K.L.:
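Input: one structure, supplied below.
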Amino acid sequence: MMAQTFTTTALKSSRNNDYSLFEMVRRKEQQLEHFRNQHKDPQDDLRMLLGYFDATPDFTSSKKLANALRNPDRLSVGVDIKRRSPTSNLRVDFNDAGGVAESFVDCNADFIIANADYESYGGDTTDIEQVVTAIRKSSPETPVIFKDIIIDPLQLALAKSLKFDAALVMACVVGKDLLELLNTATLINLPVIVECHTPEEVSLAVEGGAGTILLNRVDRFGGNEFHATQPFAVRDVLPPGNFVTTLVTGKVFDALESNLFLQEGFDGVLIGEGLIGNPSASSLIKEIHELELGDEGEINRSNVF
Ligand SMILES: O=P(O)(O)OC[C@@H](O)[C@@H](O)c1c[nH]c2ccccc12
């Protein structure tokens, strides 16, 4: 009887959480109907971007990303500028997302993620424009990345037209469509960071030529379960040669844990809740930057997790 109750509860909660990802995608589908309508003219700027190969690409954004995300001997630190999170109780308030982003660059954050989705992350179109404008002005070498629930190539065109340096695409949301989205991104010369959780997702991303992979320790598809060591499990799937940049995200809160990612060969961490609204954000970023390759201290996988 007990066991049965337990199973039912577990199933129910995982279905609820699955449903929330499902809900996020469903809402996005609805919003996109309007967005597609707004951009249906064949001569619309976003359509033109998608329809014509960028024959004279400039690699400013790719180079900015390479410089900011990959350092030979230290972790890069990115900040996810959000007011709320579907996977935690984070609730913060700010008006000027651009100012918030700038304050993190002042704390030496290496890259910035701006959120376009209101319901899920508390971000919106004003936010994303403010963030790009503010960072371009105050710190042109810092890459700014567009985060939304991307399911349509038109959203990639939007990111490009707003002059983002890259867009984040979640593998668990798009499945096999990832390959088509990556092709589109190449066509318009927009770097993409692919968010993955499983080795299968990483393989698909690598097959599609992804240059940067963000490993989320929270399994968005599988009921938001947290798998602390999941990033290590997927490193084996990466092709040899160390060409793919790898970042870790999902409930990263301290330097101790981050050190393990550095020692295991990851390039950086993306932090939301651990930095947003944290009065010690600046010292946390500093501590993570000061971790040294080869200095494992007392840590290993078994005593950190
Ligand atoms: O706030 P955290 O646990 O540090 O996480 C940041 C980031 O991983 C998170 O905002 C995120 C990245 N991709 C997502 C997809 C869905 C939900 C949440 C996310």
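All ligand and atom numbering here is 1-based and tracks the order in the structure. Not measured: the values here are computed from a predicted model.
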K.L.:
Residues in salt bridge (charged side-chain N to carboxylate O under 4.0 Å, His left out) with Lys286, at least two apart?
P.N.:
Glu290

K.L.:
Can you list the residues that meet the side chain to side chain contact (heavy atoms under 4.5 Å, CB included) rule with Arg136, with sequence neighbours excluded?
P.N.:
Lys64, Val132, Lys163, Asp165

K.L.:
For Lys82, take its heavy atoms, then give the atoms of ligand 1 lying under 4.0 Å from any of them.
P.N.:
1 (O), 2 (P), 5 (O), 6 (C), 9 (C), 10 (O)

K.L.:
Counting only nitrogen or oxygen atoms and a 3.5 angstrom limit, does Val252 reach ligand 1?
P.N.:
no

K.L.:
Give yes or no for whether the N/O distance cutoff of 3.5 Å, strictly under, is met between Lys147 and ligand 1.
P.N.:
yes

K.L.:
In terms of atom number and element, which parts of ligand 1 are under 4.0 angstrom from non-hydrogen atoms of Thr249?
P.N.:
5 (O), 6 (C), 7 (C), 8 (O)

K.L.:
Kindly assign one of parallel, tilted or perpendicular to the pair Phe164 and Phe146, based on the angle between their ring planes and the thresholds 30° and 60°.
P.N.:
perpendicular

K.L.:
Salt bridge (Lys or Arg N to Asp or Glu O under 4.0 Å) for Lys28 and Asp152? Distances and angles first, verdict last.
P.N.:
CA-CA 10 Å; Lys28 190 51 65 181; Asp152 188 312; over 6 Å; no

K.L.:
Near Lys251, which atoms of ligand 1 are under 4.0 Å from a heavy atom of that residue?
P.N.:
2 (P), 3 (O), 4 (O)

K.L.:
Quick check on contacts: which atoms of ligand 1 are under 4.0 angstrom from a heavy atom of Gly250?
P.N.:
3 (O), 8 (O)

K.L.:
How long is the gap from CE on Met24 to CG on Asp148, to the nearest 0.5 Å?
P.N.:
9.0 Å

K.L.:
To the closest 0.5 Å, what do you measure between CG (Leu284) and SG (Cys107)?
P.N.:
10.0 Å

K.L.:
Would you mind listing which atoms of ligand 1 come within a distance below 4.0 Å of any non-hydrogen atom of Met170?
P.N.:
15 (C)

K.L.:
Quick one: does any side-chain atom of Arg217 pair with a main-chain N or O of Lys251 as donor and acceptor, under 3.5 Å?
P.N.:
yes

K.L.:
Which is it for Val218 and ligand 1 at heavy atoms under 4.0 Å: side chain, backbone, both or neither?
P.N.:
neither

K.L.:
Just let me know how Glu273 lines up against ligand 1, side chain, backbone, both or neither, with a heavy-atom cut-off below 4.0 Å.
P.N.:
both

K.L.:
Check ligand 1 against Asp80 and write out every atom of the ligand that is under 4.0 Å from a heavy-atom position of the residue.
P.N.:
6 (C), 7 (C), 9 (C), 10 (O)

